[in-house]
Protein chains: 2
Amino acid sequence: MSQRRRPTIHEVAKVAGVSISSVSRALNGNTSNADMVARVNAAVREVGYVPSVVAQSLKTRHTGQIAFAMEDIGNAAYLEMVRRIQPTLRDEGYRLLLHSTGADVEDELGVLASLSQNYVDGLILCPLRVTDRHVEALRQTAVPVVVIGLLPDDVPVDNVRADSRVGAQLAVQHLAEAGARRIAFIDGPLDTVPGRARYDGYRMGLAAAGRETDDALIRFTDFRFDAGRQTARELLTEHPDVDAVFGANDLIAMGALHALRELGRDVPGDVRVVGMDDTPLAATSFPPLSSVSLGSADRGRIAAELLLRRLDGDDAPPERVTVPPSLTVRESSR
Amino acid sequence: MSQRRRPTIHEVAKVAGVSISSVSRALNGNTSNADMVARVNAAVREVGYVPSVVAQSLKTRHTGQIAFAMEDIGNAAYLEMVRRIQPTLRDEGYRLLLHSTGADVEDELGVLASLSQNYVDGLILCPLRVTDRHVEALRQTAVPVVVIGLLPDDVPVDNVRADSRVGAQLAVQHLAEAGARRIAFIDGPLDTVPGRARYDGYRMGLAAAGRETDDALIRFTDFRFDAGRQTARELLTEHPDVDAVFGANDLIAMGALHALRELGRDVPGDVRVVGMDDTPLAATSFPPLSSVSLGSADRGRIAAELLLRRLDGDDAPPERVTVPPSLTVRESSR
DNA sequence: GATGGGCGGGGAAACGTTTCCGGGATGTGG
DNA sequence: CCACATCCCGGAAACGTTTCCCCGCCCATC
């Protein structure tokens, strides 16, 4: 534990026999004198100098850090995003800060507010809901922000969105084309953004396939495995003629798979099942679960790229990118 | 886009009609004059002052940031850790930086080296492997480090470990007690740390149950679903008398479940299956998969707590904590 | 009423960089 | 050979805080 303080640019300057300005220039490639560069580099190695990023940040007014704020990193969709955001940012020399806000809207606002402490150069935000206070905060942030998720059109902020409505439609159309006649839908809460969008998509899908919507085949529950299983069991008991179930996310669909098995129904023989989000669960379930991907990884990557462009000085008008959903068909609906 | 610069402590001082020292003291609770505090707070609100954490960091020599470095946040075990590390640190006012190093050992060393840039106050590191260069780097870090994973005893660094050897033993003993007579083992690569430990644990478990080890029932493959499935299929075809499979992680065990189903064997009737890591996959598989938890969440929490203690000035000798594994029995082995 | 102690607050230095500015050396053209 | 432009490098200021130090005030004590 050598308590000797870290060497600064001054020590380097002294050893190299030059001024600190020259050291700084040499290290930042702002000098043309090769001999100078060599001497400085030698001195750097000799004293073991490493620049203080904090001091650099103070002077240059940027930190090389970007924050990603979402509800819970445990959520598969956010996880996929992080996995793409991190390398994208890192390749450009940025470090990634993680903010799990929990289900706490205040916390999201706190993150936005704390941006003026400027310890980050930018933010990627996945808001649970967008309140007026969000909008207000977003209007006057000190650094660029990219929002992943739905955002009112008049908020001047880059925005990357999924289209779970079209995604749901895709699922329903696929089931209809596969020959299903009674397509049930187990949704999450209707007062959530995804719950609503998927509900609309389900109806659109049925309409597009020329089917009537039968409200008896629609259930609302939580986006959870147990909830999906329980709800599916009730639904299928009450309506044994159901020959397809669309779950509003993979957990619900997995629950439906379990319920079907318990009821002795064959998947996909008797009942086809499709989920949504295309999480790792889908590929390893039995039977492997067809699922609609909302392109979380792509959304993460695109958000990161948009942010990088802003940080690069691009001040074009805010962009609005929608990532199209895609259906991965596996055995559960084949 | 008001390009007006952020107000500094100087503006606050001017508005409040006091010196910047007094403002700083008032804001940091180092003054007893209530009137002063009130005036400063009023001025702060008036000009919309927010302290610059960068300037504070430069002066105070700490940043309020902690890094967590691991191979890939997509890995369920690391994910569980992050989910506990983040709130633990946040409660103490620290921000979390994420470093996914990829499978790149150089990158891990890079993270260690970059610590002297001191943009973080501490680091939690999950090394893939611990080389001599790791040890050397760990010996002379500028900030406290906690390592999650196996670490040579002579490295003076706090260390939190799982015990996958005992975990494997637990699984095997459970299978033996449940009545299994031919317990197969599908391991990951033997030249990885977990692969080796689980192999040893498997043998110990058999020994403890008074069984012979039959090398024919041991296979090595990758820690992946496809690999597990393929290997299980071969194993079970060659040895139809196997009545239990222990998979060295959940993915392998899930693969085994699929293979068994394809071979028309009932789980757990004909063959019992146990996995390891107790990931979310286990609970939703069919049948739900028994799995040994290595306490990732606990390890994350403990690592964070250890680090916080160091940051609090504790300079007791390095600690070595082993989190005991625990078996969650579900239907696949009941 | 003078003196000493305590305390609150202001001035200024310091943290470690980057960058502006200016001076001296060098080179070029008249 | 001089004048002028050019180029390098060193000095110093600045980024926005915290904190040391010291001064002046007030109160208490003799």
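Excluded from the calculations below are hydrogen atoms, water molecules and symmetry mates; all remaining heavy atoms, backbone and side chain alike, are included.
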Distance check needed: [N] [atom2] versus [X] [atom1], whole Å only.
| X | N | atom1 | atom2 | result |
| --- | --- | --- | --- | --- |
| B:H10 | D:dG16 | NE2 | P | 9 Å |
| A:N28 | C:dG16 | CG | P | 17 Å |
| B:Q56 | C:dA14 | CD | C1' | 16 Å |
| A:K14 | D:dG11 | NZ | P | 12 Å |
| B:R6 | D:dG16 | CZ | P | 8 Å |
| A:Y119 | D:dG16 | OH | P | 19 Å |
| A:N30 | D:dG10 | CG | P | 15 Å |

A:T63 side-chain N/O to A:S57 backbone N/O, donor-acceptor pair under 3.5 Å: no

Between [X] and [N], is there a side-chain N or O to OP1/OP2 distance below 4.0 Å?
| X | N | result |
| --- | --- | --- |
| A:T8 | C:dC15 | no |
| B:R61 | C:dG16 | yes |
| A:N33 | D:dC9 | yes |
| B:S21 | D:dC20 | no |
| B:S24 | D:dT17 | no |

Pair A:D315-A:R310, salt bridge (Lys or Arg N to Asp or Glu O under 4.0 Å): steps then yes or no: CA-CA 7 Å; A:D315 56 354; A:R310 291 293 170 204; over 6 Å; no

Nucleotide of D:dT18, D:dG11, C:dT18 approaching B:I20 most closely (side-chain heavy atoms): D:dT18

Per A:S19 side chain, nearest of listed nucleotides C:dC15, D:dC9, D:dC15: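 Closest nucleotide among those given: D:dC9.
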
Nearest atoms (heavy-atom pairs only) where A:P87 meets A:V82: CD-O, 4.2 Å

Shortest non-hydrogen contact from A:M81 toward A:C126: SD-SG, 3.9 Å

More than 12 heavy atoms from other groups under 6.0 Å of CG on B:D154: yes

5' precedence on DNA chain C between B:K59 and B:T31 (nearest-nucleotide basis): B:T31

Pairwise 5' ranking along DNA chain C for B:G17 and B:A55, keeping only the more 5' one: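 The residue whose closest nucleotide sits nearer the 5' end is B:G17.
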
Residue mapping more 5' on DNA chain D - nearest nucleotide basis, B:S52 or A:V23: A:V23

Polar side-chain contact A:R25-D:dG10 base: donor and acceptor under 3.5 Å: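 Yes.
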
